[in-house]
Every structure is written in C-alpha cells, then in structure tokens.
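The chains referred to below are lettered A, B, ... by the order of the sequence lines, with proteins before strands, and numbering in each begins at 1.
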Protein chains: 2
Amino acid sequence: MSNLPNQEEITRILQEGDPAALREVVTASHPADVADAIEELDIEAIWNALQTVPIKDAAEILSHLPIEVQERIAEDHDPEQVARIVEKLSADDRVDLIKQLEPELQQKLLAGFGAQQRRVTERLFQYDEATVGAVMSPDFAAVPAEMRVSEAMDLIRLEAPRKETVYYIFVMDNESRLIGTISLRDLILANPNEIVGDIMQRDVIQVRADEPRTVAADKIKDYDLIALPVVNGGGKLVGIVTVDDILDLEEEEATEDFHRMGTVGSVKTSLREASIALLFRARIGWLTALVFVNILSGAGIAHFEATIDAVVALVFFLPLLIASGGNAGSQAAMLMVRALATGDVRTRDWLHMFGKEILVATLLGGAMAGAVMLIAGFRAPDVLVPVGLTMVCVVIFGSVLGMSLPFVLTRFKLDPATASAPLITSIADIVGVLIYFTIASWWLGDTIAAAAEAAEAIPL
Amino acid sequence: MSNLPNQEEITRILQEGDPAALREVVTASHPADVADAIEELDIEAIWNALQTVPIKDAAEILSHLPIEVQERIAEDHDPEQVARIVEKLSADDRVDLIKQLEPELQQKLLAGFGAQQRRVTERLFQYDEATVGAVMSPDFAAVPAEMRVSEAMDLIRLEAPRKETVYYIFVMDNESRLIGTISLRDLILANPNEIVGDIMQRDVIQVRADEPRTVAADKIKDYDLIALPVVNGGGKLVGIVTVDDILDLEEEEATEDFHRMGTVGSVKTSLREASIALLFRARIGWLTALVFVNILSGAGIAHFEATIDAVVALVFFLPLLIASGGNAGSQAAMLMVRALATGDVRTRDWLHMFGKEILVATLLGGAMAGAVMLIAGFRAPDVLVPVGLTMVCVVIFGSVLGMSLPFVLTRFKLDPATASAPLITSIADIVGVLIYFTIASWWLGDTIAAAAEAAEAIPL
C-alpha cells in the first residue's frame with residue numbers, strides 16, 4: 001500500500017505547529033489529503049498553514065477545500081496576500097471562488113493578479129453560471145495545422161507544464177479556428193516528418209461556450225471523451241472541458257435534483273457547514289406553500305361532513321387511502337425525473353410511458369385494494385367496497401400524476417424535479433379525499449340519508 | 001460545427017439498406033451516434049446492420065447500445081457469430097454483457113473467443129459485481145523500473161493501440177508488483193537516457209481489486225485521477241479503473257439512490273424498455289408494506305373515535321397536519337441521504353446535525369403553525385390551539401426522523417436511501433395522528449366529556 005502520510009499524521013503535525021515539519025509533510029502528501037486534514041480547523045489555523053507552505057502547494061490545497069471555507073479565507077484576510085494564492089489556482093477554480101465574493105473584494109483580488117491571469121479571469125467571469133463557458137478551462141494544448149509532427153512534439157514538450165491536459169491536442173488554422181484534433185498517442189505513433197494537418201482527425205466533436213453546460217456533460221458521456229473543445233460563435237477555440245469537471249458537475253446536478261425532489265431550495269454549500277438561517281430559508285417556502293395545498297384537503301373533508309358524521313368508520317381508512325395515492329405517485333415521479341435527467345426517457349416518449357403507467361398502476365391499485373380488503377375487511381365490512389374502489393382510483397391517479405408532471409414541467413422549460421415527492425403527495429391527498437368521499441357517499445347513500453333523518457328527528 | 005453525419009442521415013441510410021452506403025456512413029460517424037440511430041430499430045435490423053460493417057466497428061457500436069439490447073442480440077443469434085463481435089469489446093464491457101446471459105450461452109460465447117480473451121474474461125468474471133475488480137480494465141500500460149526512458153517510449157509506442165490509456169504508465173518491479181507511476185507527459189519531458197525507476201513517482205495511490213467499487217470512485221474523485229491502478233492481495237498490478245468508468249458508475253449509483261428514495265426496487269434496465277411485469281415487481285413490495293404501516297394510522301384514529309365524534313372539525317386539519325410532518329421529514333431525509341452519499345456528512349457528524357435539525361425544525365414548525373392558525377383560524381377557532389401545538393410537534397418529529405433514519409441505516413450497514421420519502425411520510429402519519437388526537441383530547445377534554453354524556457343520554 002501507499003506510504004503517503006495519512007490524515008492523522010498531518011493533523012498531528014498541524015497541531016504541533018512546527019513550520020519545517022509542516023512544509024515537509026505537505027510536500028510528501030497529496031493536497032487532497034492535506035485539505036481533508038485541515039478543513040475542520042478554524043479559519044485562522046487554516047490560513048496559517050497555507051501561509052507556511054510554498055505558494056503553489058497552498059493553491060493546490062486551497063482548491064481541495066470546500067468552497068465556503070475558501071470563501072471565508074478570502075473574506076477574512078489581506079486581499080493582497082489572498083490574491084497571491086488565488087492567482088495560482090486553475091482558471092476555473094479561480095473563477096468559481098471569485099464568483100462567491102462581494103464585488104468590492106472581487107476587484108481587490110483581480111487587482112492583485114498578474115496581467116494575464118486577470119485577463120483570463122475576467123473573460124471566464126462573463127459566462128453565465130449555467131453555460132459551458134463557466135466550467136471550461138483556457139489552458140489547453142493547441143498546434144497549427146501546418147506544423148510537422150516533430151515540431152508539434154517540441155511545442156507540446158515546452159507547454160506541457162502549464163496545460164490542463166496535453167493528451168488531446170487541438171489543431172487550429174491561421175485564424176485560431178478549431179479544424180481538427182490529434183491525441184498525444186497518435187502524435188507519438190506518427191512519423192516525425194508528417195504534417196499535423198494530414199494526420200489529424202477532422203470533424204471534431206465540440207461545444208459552444210454559450211450552450212448549457214449539460215450539453216458538454218452529455219457529449220463527454222456519450223462519446224467517452226477525456227477533453228471536449230469549446231469554441232466561440234466564430235468557431236475560435238476558447239477552452240476545453242475535461243472529464244473531471246464533468247464528474248463534479250454531475251454530482252452537483254444530482255444533488256440539486258435530490259433537493260428539488262425533497263422540496264428543498266438551493267443549498268449550494270456543504271450541509272454540514274450550512275447555517276440554521278440558510279436551512280430555514282431553503283425549507284420554509286415549499287413547506288408553507290404545501291400548507292395551503294393541504295388546507296384544501298381539509299376543505300374537501302369539511303364538504304363531506306354529513307357523510308363522516310353518518311359513517312365515522314370511513315375516517316379510519318382516510319390516511320391509508322390518501323397515502324397510497326401519494327406513495328404510488330412518488331414512485332412514478334422519482335423514476336421519471338431520474339430517467340429524464342439521464343436521458344433514458346425523452347419528452348417524445350410521453351405517450352408510450354403514459355400507456356405503460358396506466359397498466360402498471362391498475363395492477364398496483366388492484367393488488368393493494370385486495371390487500372387492504374383482506375386485512376381490514378373484518379373491521380369494517382360495510383365500507384369495504386368504497387375503500388377498495390377508492391384504492392384503485394387513487395393509485396392510478398397518483399401514478400399518472402407523478403409520471404406526467406415531470407414531462408409537463410420539462411415541456412414548459414421548468415425543472416422536472418420540481419415534481420417533488422411532497423408536492424405529488426399533497427395533490428394526491430386532495431384528489432384522494434374527493435374520490436374517497438364521492439365514492440362513499442354514492443355507495444352508502446341510504447345509510448347517510450337515514451343518519452341525517454335520525455339526526456333531524458332527535459334534536460340535540 | 002462538426003460535419004459528422006447526423007442521426008437522421010444514419011437512420012435514412014439504414015432504412016434504404018444499401019450495405020456500401022451503410023459501411024461508409026459508419027466509418028465516418030462516431031459509434032455512439034450510430035448506436036443511437038439504430039437502437040430503436042427491431043433486433044433483426046440491428047443485427048443485420050452489425051453484420052454489414054467491419055467487425056471492429058460492430059463491436060464499438062454494440063458497446064454503445066443499451067445493455068438490454070446487447071443481451072437480446074446475444075440471445076437471439078448464432079453464438080459463434082456473436083462471439084466474434086463480443087470478443088472485440090473492451091474487457092469490462094465484454095464481462096458486463098456476458099454476466100447478463102444464461103450460463104449455457106456464456107460457455108458457448110467463451111468457447112468462441114481466442115485463448116487470451118477467454119482467459120482475461122474468465123479472470124474478470126470472478127469478481128463480485130460490487131467490487132473494483134468488476135469495473136477494472138486489464139488493458140493498462142506498464143514498464144519495468146530498470147528501463148531507460150527511450151526504451152520505455154518505444155515500448156509504449158508499440159503497445160499503445162491495444163491499451164485503454166497510455167497517459168498514465170505504471171512501473172513494476174521484477175515480480176510485476178506496482179512500485180511507481182509516471183505520466184506520459186513526464187516521460188516525454190524526461191531525458192531519454194534516464195532510468196524510469198529514478199524519475200517515477202513513488203507512493204502510488206492505488207486500490208485493491210476486492211475492495212468495494214465506491215472506494216475506487218472516491219479515490220478518483222478526491223485525487224482528480226484519470227486512471228487508478230488496481231492491485232491484488234500480493235501487490236501485483238492487475239488492472240486500472242479509468243475516470244469514464246467512474247462517471248457511468250456515479251450515474252448508476254445516483255439512479256439507485258433516486259429509486260430507493262421513491263421506494264422503487266431495482267430497475268437496472270432502461271425505464272423506457274422496462275416491461276410492465278418488471279415495473280410492477282419493482283413497485284408493489286414497498287407499496288404493500290406501506291399499506292400495513294398506514295393501516296396503523298387508521299387504527300390510531302379508531303382509538304380516538306369518541307374525540308372525533310365529539311369534535312368533527314378536528315378531522316378537517318388531519319390531512320394538513322400529518323402531511324406537514326411528512327413533508328418536513330422528506331426534506332430532511334433527502335438532504336441527509338444525499339450528503340451521506342457524497343461524503344459531505346459522515347456518521348460521526350450525527351450529533352452536530354441532530355442539534356442543528358432540532359433548531360431548524362422548531363423554527364419551521366413555529367412558522368407553519370403561525371401560517372395555519374392565521375389562515376384557518378376563523379373556520380374553527382375552538383381547535384386552533386391543538387392544531388398549532390400539533391403542527392410544531394409533528395414538524396419536529398418528522399424532521400428528526402427524516403434526518404436520523406439515514407444515519408441509523410448507515411450504522412447498521414444498510415443503504416441510507418432506504419429512508420425514502422414515502423417511508424418517512426407513512427411513519428410521520430401514524431405518529432402525527434397520535435400526537436394530534438392526544439393533544440386534542442387533552443385540550444378539548446370538557447367538550448368531549450359533554451358530548452359523550454349527551455350521546456349516552458339520548459339513545460339513538
């Protein structure tokens with residue numbers, strides 16, 4: 001196994017506070033491990049550690065710290081000193097951090113950068129967060145098409161230390177337009193005297209900087225790419241997106257979908273670090289909105305007061321029936337939201353999925369009606385038929401709702417994950433109440449009428 | 001933009017059925033695009049297309065088809081012809097497909113492979129699906145430590161076409177034990193006369209083939225690796241896991257979590273392709289289990305029949321109150337399950353998260369109680385206090401349940417995502433009923449007693 005210093009060792013050395021030992025352990029460790037070890041310390045201790053080690057290591061460690069820790073470090077310390085470390089971050093990490101800060105501090109940090117870093121940062125900064133431009137890196141390897149293979153290799157050798165990846169090399173014409181690509185592998189295998197333009201692969205899979213970032217993610221996944229070139233409107237190569245950026249992005253988007261499905265608003269920071277106020281704000285909106293929705297269920301019940309008064313046993317099955325509709329709906333929504341997110345199902349598949357859902361839901365509703373009639377039959381034989389009928393109806397309604405709402409939201413360019421489990425459950429509740437008492441009133445009509453007469457006959 | 005033939009073109013050529021045109025378009029297209037275009041055809045048409053194109057292209061296209069389509073192709077055709085294509089798949093894709101098939105067909109396909117492919121396939125086949133061994137590729141680039149840089153480059157040049165990646169080269173001692181690593185980038189930058197062992201990086205981040213595959217995913221993510229070496233118990237290098245394998249794996253695991261959170265069982269195939277029977281089986285188990293749980297809510301209500309009879313207005317607020325507990329619980333569970341899955345929160349953080357949840361939930365419950373008392377107060381002023389009190393209690397209970405259950409499940413080595421929204425909602429329902437009617441019985445004690453007396457006094 002590896003001889004890398006483990007986290008306990010790093011933590012021990014940090015606590016001892018010996019600068020020489022710290023520098024030594026940082027040099028011997030992976031920056032991700034150092035970041036993991038120091039991330040739980042207080043901000044001042046992290047800052048001191050970063051100040052002790054060489055500036056390049058400090059930047060590497062900083063980039064592996066959670067974004068909210070990076071943010072607090074930048075906010076609480078001398079902008080000039082912070083800029084010296086932040087400048088050494090890779091361009092995309094640098095922009096990510098700066099975007100978190102107040103405009104005033106942003107300007108101070110930019111002023112502390114070298115001219116080239118400032119220019120690159122400002123350019124990336126312009127792209128909207130949801131676009132490819134915001135996740136691309138400007139440090140790509142590119143060669144002119146008319147170069148010989150041997151010259152190209154020399155150029156790559158020279159530039160390699162500064163580039164994000166040199167394994168995929170982009171080929172440009174005289175006007176910096178992307179016209180081909182060649183892998184380092186093919187360059188090595190080629191005859192040194194050949195011209196790059198003759199052996200490059202044309203028809204490059206590429207993406208525009210202003211396209212949604214999910215387009216880049218999909219292309220990297222579909223075509224199994226390590227690096228995807230990004231061009232501007234004029235076809236000029238402006239950056240690359242690498243597979244590890246996509247890995248982070250995928251995780252982020254899956255997390256967003258999870259939160260939406262749980263009706264939680266944006267919690268972009270670590271859950272462990274999130275403040276009480278942030279968590280409250282992220283959760284209260286939907287919860288209150290759902291209170292209003294659920295009050296409608298109560299209104300539905302109030303409308304059927306006479307029915308309940310007459311046959312109070314109906315109430316025993318109320319939570320079961322409305323919950324079952326919601327549960328079947330949650331299942332359908334979870335399946336569909338995920339299938340839409342991964343591209344397994346597309347909007348044009350709606351009719352096919354709808355037909356299948358009706359069939360599956362009917363089977364599910366039938367089986368559940370059977371189960372509840374079997375188990376609960378002896379307790380309340382007189383309400384058995386309306387309970388069974390309602391079960392079939394609410395399961396079909398919930399399932400179709402859960403399956404369709406994500407499609408409808410997608411159709412209106414909204415996030416399908418807004419069709420959250422609690423929203424589906426709440427809508428299924430209201431409709432469940434209406435279905436249940438309508439069926440019960442119809443089935444138990446005579447009993448209810450008799451009870452009403454009795455109540456009138458005997459004034460309380 | 002790219003000049004690659006688009007899907008419509010490929011589809012048109014497929015329909016025309018001209019073999020020469022098909023071969024031409026396949027050569028000019030990315031196999032992922034061809035797979036996308038043919039995947040919706042019937043199995044015979046796909047098989048005919050695969051038979052028409054060169055065998056290497058056929059394998060590339062096959063690997064981009066959904067696994068269930070691959071499976072049907074293998075099952076429905078001559079094993080000898082199928083083996084010729086499957087043999088050309090990359091080792092991990094080959095094993096993935098063969099694992100789907102009946103033992104008899106597996107043997108027939110293996111018999112159709114060349115001796116080396118058969119050996120590699122059989123070795124990978126032994127690893128459990130959840131381990132690193134099942135996702136690794138045996139096609140890695142490795143050089144002995146005593147080689148010169150120039151010799152190593154020659155070896156890599158020779159082997160490159162057969163390897164999954166040559167950008168990370170592993171360095172072995174005389175007994176094939178992994179002792180170092182060197183990137184192609186560093187090899188190119190090095191003096192050709194240097195010895196690889198002198199310039200390689202020691203302390204390689206690595207993983208054992210029998211470790212859970214999530215360990216490989218975490219290491220690749222934490223250390224931003226492109227390829228992670230896999231060793232056996234004796235430290236011998238047996239394979240690599242590449243970042244694109246992890247990308248697929250991450251997507252698969254996020255999908256599993258989504259399905260669990262929606263109480264859906266294993267749906268490993270495409271949702272679009274899934275049969276009615278499969279969908280029914282995946283959904284009926286939890287739905288029926290939740291019927292039993294929800295019947296307990298009914299039993300709870302039945303227990304408080306006298307209270308309901310006396311103050312029927314209580315029932316109006318029942319769906320709202322029990323839904324609110326479930327909604328707050330779903331939020332907490334979704335946040336926590338995802339945070340545990342991404343490693344943002346660990347089991348040791350339980351107490352910290354618990355304390356925070358209590359605070360957040362109290363604020364949420366208070367705000368929601370205020371909202372409901374404000375809106376619904378005029379309708380039923382006499383039940384206002386128990387409704388408000390219940391709201392605070394159920395929101396706290398639901399939140400703490402939703403937040404804690406994922407931890408408890410993790411503690412017992414179960415999947416935290418089993419703490420699904422419907423399960424949390426159903427438990428919150430039962431407890432909500434009990435809390436509500438207990439508080440109401442206590443608050444409305446006099447009214448209920450009076451009603452009971454009145455009912456006894458007037459025999460119906």
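Other residues, nucleotides and ligands contribute more than 12 heavy atoms inside 6.0 Å of the NE2 atom of B:His352.
A:Ile156 and A:Ala141 get closest at one heavy-atom pair: CD1-CB, 4.1 Å.
Your options are A:Asp257, A:Leu271, A:Val264, A:Asp244, and the one with the most heavy-atom pairs under 4.5 Å with chain B is A:Leu271. Considering only heavy-atom pairs separated by less than 4.5 Å from chain B, the leading option among A:Met368, A:Arg157, A:Met334, A:Arg185 is A:Arg185. Among A:Ile322, A:Leu423, A:Leu335, the residue with the largest count of heavy-atom pairs under 4.5 Å with chain B is A:Leu335. Options A:Met391, A:Glu357, A:Arg272 differ in how many heavy-atom pairs under 4.5 Å they form with chain B, and the most are formed by A:Arg272. If you tally non-hydrogen atom pairs under 4.5 Å between each of B:Ser330, B:Ala421, B:Ala32, B:Ala328 and chain A, the highest count goes to B:Ala328. Chain A forms more heavy-atom pairs under 4.5 Å with one residue of B:Leu225, B:Leu189, B:Thr255 than with any other, namely B:Thr255. Comparing A:Leu178, A:Asp224, A:Thr342, A:Ile276 by heavy-atom pairs within less than 4.5 Å of chain B, the highest count is held by A:Ile276. Chain A forms more heavy-atom pairs under 4.5 Å with one residue of B:Met261, B:Met153, B:Glu251, B:Met336 than with any other, namely B:Glu251. The candidate with the highest count of non-hydrogen atom pairs below 4.5 Å against chain A, out of B:Leu184, B:Thr425, B:Val345, B:Thr288, is B:Leu184. With respect to chain B, the highest number of heavy-atom pairs below 4.5 Å among A:Ala274, A:Ser275, A:Gly300, A:Pro31 belongs to A:Ala274.
The backbone N or O of B:Leu290 lies less than 3.5 Å from a partner atom in the side chain of B:Asn294, making a donor-acceptor pair. Not a single donor-acceptor pair under 3.5 Å links the side chain of A:Asp248 to the backbone N or O of A:Asp245. No donor-acceptor pair closer than 3.5 Å links the side chain of A:Asp222 to the backbone N or O of A:Lys219.
A salt bridge between B:Lys221 and A:Glu250 is absent, with no side-chain N of the basic residue lying under 4.0 Å from a carboxylate O of the acidic one.
For chain A, the nearby part of B:Met353 is the side chain; its heavy atoms alone come within less than 4.5 Å. For B:Ser426, the part sitting under 4.5 Å from any heavy atom of chain A is the side chain, from C-beta outward, and nothing else. At a 4.5 Å heavy-atom cutoff, A:Ala333 makes no contact with chain B through either its backbone or its side chain. For a residue to count as touching a neighbouring chain, one of its non-hydrogen atoms must lie under 4.5 Å from one of that chain's; by this rule B:Ser420 does not touch chain A. Both the backbone and the side chain of A:Ala302 come within contact range of chain B, with heavy atoms under 4.5 Å apart. Residue B:Ala254 touches chain A through both its backbone and its side chain, counting heavy-atom pairs closer than 4.5 Å. For A:Phe304, no part sits under 4.5 Å from any heavy atom of chain B, backbone or side chain. Residue contact with chain A, scored on non-hydrogen atoms closer than 4.5 Å, involves the side chain of B:Ile308 exclusively. If you measure heavy-atom distances from B:Asn327 to chain A, the contacts under 4.5 Å come from both the backbone and the side chain. When heavy atoms are compared at a cutoff of 4.5 Å, B:Glu305 approaches chain A solely by way of its side chain, counted from C-beta outward. Proximity to chain A (any heavy atom under 4.5 Å) is shown, for B:Ala35, by neither the backbone nor the side chain. Both the backbone and the side chain of B:Asp344 come within less than 4.5 Å of a heavy atom in chain A. When heavy atoms are compared at a cutoff of 4.5 Å, A:Thr242 does not approach chain B at all.
A 4.5 Å side-chain heavy-atom check between A:Ser399 and A:Val395 finds at least one atom pair inside the cut-off. With contacts defined as side-chain heavy-atom distances shorter than 4.5 Å, the pair A:Ile188/B:Ile188 qualifies. Contact of the B:Glu273 side chain with the B:Pro66 side chain is not registered, since no non-hydrogen atoms from C-beta on lie closer than 4.5 Å. Under the 4.5 Å side-chain criterion, counting only non-hydrogen atoms from C-beta, A:Ile226 is not in contact with A:Tyr167.
Atom-to-atom distance recorded for B:His64:NE2 and B:Asp36:CG is 9.5 Å, nearest 0.5 angstrom. Once rounded to the nearest 0.5 Å, the distance linking CZ of B:Phe316 with CD1 of A:Ile301 reads 8.0 Å. Atom CD1 of residue B:Ile295 and atom CD1 of residue B:Ile430 lie 10.5 Å apart, to the nearest 0.5 angstrom.
With no hydrogens or angles considered, no side-chain donor-acceptor pair links B:Thr263 and B:Arg283 at under 3.5 Å.
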